[in-house]
Amino acid sequence: MEPKSTVFIFIDNETKPIAEFKAPVNFELDTTKLVDGQHTLKIVSKGSDGIEGVRLVPFEVRNGPAISIEGIRENAVVDGILPLMINAYSKGNSKEFNIIGSETPHSIPSWVWILIIGFFGWAMYYLFTYIHLKQ
């Protein structure tokens, strides 16, 4: 029987592993104990011969309320007064669905307005040519 590797699991730049297992392993990472934001999962596998393998997995934790903003983008250059639409909603109780605040409202995109105006323009043209041909 082949000796198994030992797997050490680290979060961010911690020097002490959060878990240590013999491979293969099934592991549940509890992200509720982490602050929201960017993190790195570092998995170190040490073989029976002492050689280590390292794998880094960057991930983002977002356990708190999700924040959506419309009216400005990241790294935008702006001036004047900006009308912003901000919505923040949490997952709440996972056993109940709360419709209030669970969807982020958005303004109607400009391409939809162009389609609507184009359709009504075509409809008016069609109506006028139809009436003109009837006379």
Side-chain angles (χ1 to χ4, degrees):
M1 183 170 168
E2 185 177 318
K4 297 186 177 194
S5 297
T6 304
V7 176
F8 301 93
I9 300 174
F10 299 87
I11 296 290
D12 297 330
N13 295 322
E14 294 290 326
T15 57
K16 182 180 176 191
I18 61 168
E20 178 180 335
F21 303 101
K22 293 291 183 189
V25 70
N26 288 326
F27 174 73
E28 291 182 357
L29 177 63
D30 185 6
T31 63
T32 60
K33 296 177 182 177
L34 300 173
V35 296
D36 283 5
Q38 297 290 329
H39 295 279
T40 302
L41 181 67
K42 180 179 178 182
I43 302 165
V44 178
S45 175
K46 190 170 190 175
S48 59
D49 55 1
I51 298 175
E52 290 185 349
V54 178
R55 172 108 188 246
L56 299 175
V57 181
F59 65 98
E60 182 176 353
V61 173
R62 191 177 296 161
N63 289 322
I67 300 171
S68 173
I69 185 166
E70 186 174 324
I72 190 169
R73 292 191 177 154
E74 292 183 19
N75 303 316
V77 177
V78 298
D79 64 350
I81 298 172
L82 294 176
L84 301 176
M85 183 185 316
I86 301 171
N87 189 17
Y89 52 92
S90 66
K91 297 173 192 135
N93 184 355
S94 62
K95 295 179 182 177
E96 296 177 15
F97 178 69
N98 184 11
I99 192 71
I100 299 172
S102 64
E103 293 185 10
T104 301
H106 293 282
S107 60
I108 298 174
S110 57
W111 63 268
V112 173
W113 288 114
I114 291 169
L115 283 176
I116 291 171
I117 292 169
F119 174 78
F120 280 109
W122 172 81
M124 295 301 287
Y125 170 77
Y126 183 79
L127 180 66
F128 289 142
T129 55
Y130 178 76
I131 291 173
H132 182 67
L133 291 176
K134 283 281 209 173
Q135 294 177 354

Practice item. Enumerate the residue pairs fulfilling side-chain hydrogen bond (donor to acceptor under 3.5 Å, both in side chains) with a member in residues 12-21, sequence neighbours excluded, ordered by first and then second residue. Key: Asp12-His39
**Study point:** Hydrophobic cluster of Leu41, others only, ordered by chain and residue number, side-chain cut-off 4.5 Å
**Key:** Val7, Ile9, Ile11, Ile18, Phe21, Val25, Phe27, Leu29, Leu34, Ile43, Val57, Phe59, Val61
Point to revise | Residues that Asn75 engages under side-chain hydrogen bond (donor to acceptor under 3.5 Å, both in side chains), provided they are two or more places apart | key: none
Review point. When rounded to the nearest 0.5 angstrom, what distance separates CD1 in Ile72 from CG in Leu84?
Key: 6.0 Å
Practice item. Go through the structure and list residues passing side-chain hydrogen bond (donor to acceptor under 3.5 Å, both in side chains) with Asp30, not counting sequence neighbours. Key: Thr32
Exercise for review: Over all heavy atoms of both residues, which pair between Ser45 and Ser5 is shortest? Give the atoms and the distance, please.
Suggested key: OG-CB, 3.5 Å
Exercise for review: Taking all non-hydrogen atoms of both residues into account, name the closest pair between Pro17 and Phe10 and its distance.
Suggested key: N-CE2, 3.4 Å
Review point. Shared ILVMFWY cluster between Val112 and Phe120, side chains joined below 4.5 angstrom?
Key: yes
Exercise for review: For the residue pair Tyr126 and Tyr130, categorise the inter-ring angle as parallel (less than 30°), tilted (30 to 60°) or perpendicular (more than 60°).
Suggested key: parallel
Exercise for review: Output all residues satisfying side-chain hydrogen bond (donor to acceptor under 3.5 Å, both in side chains) with Glu60, sequence neighbours left out; order by chain, then residue number.
Suggested key: Gln38, Arg62
Review point. Is Val44 linked to Ile51 within one hydrophobic cluster, defined over Ile, Leu, Val, Met, Phe, Trp and Tyr using a side-chain heavy-atom separation of less than 4.5 Å?
Key: no
Check your understanding: Are Trp111 and Ile117 co-members of a hydrophobic cluster defined by side-chain heavy atoms under 4.5 Å apart?
Key -> no
Check your understanding: What residues, two or more places apart in sequence or in another chain, satisfy side-chain hydrogen bond (donor to acceptor under 3.5 Å, both in side chains) together with Thr6?
Key -> Lys22
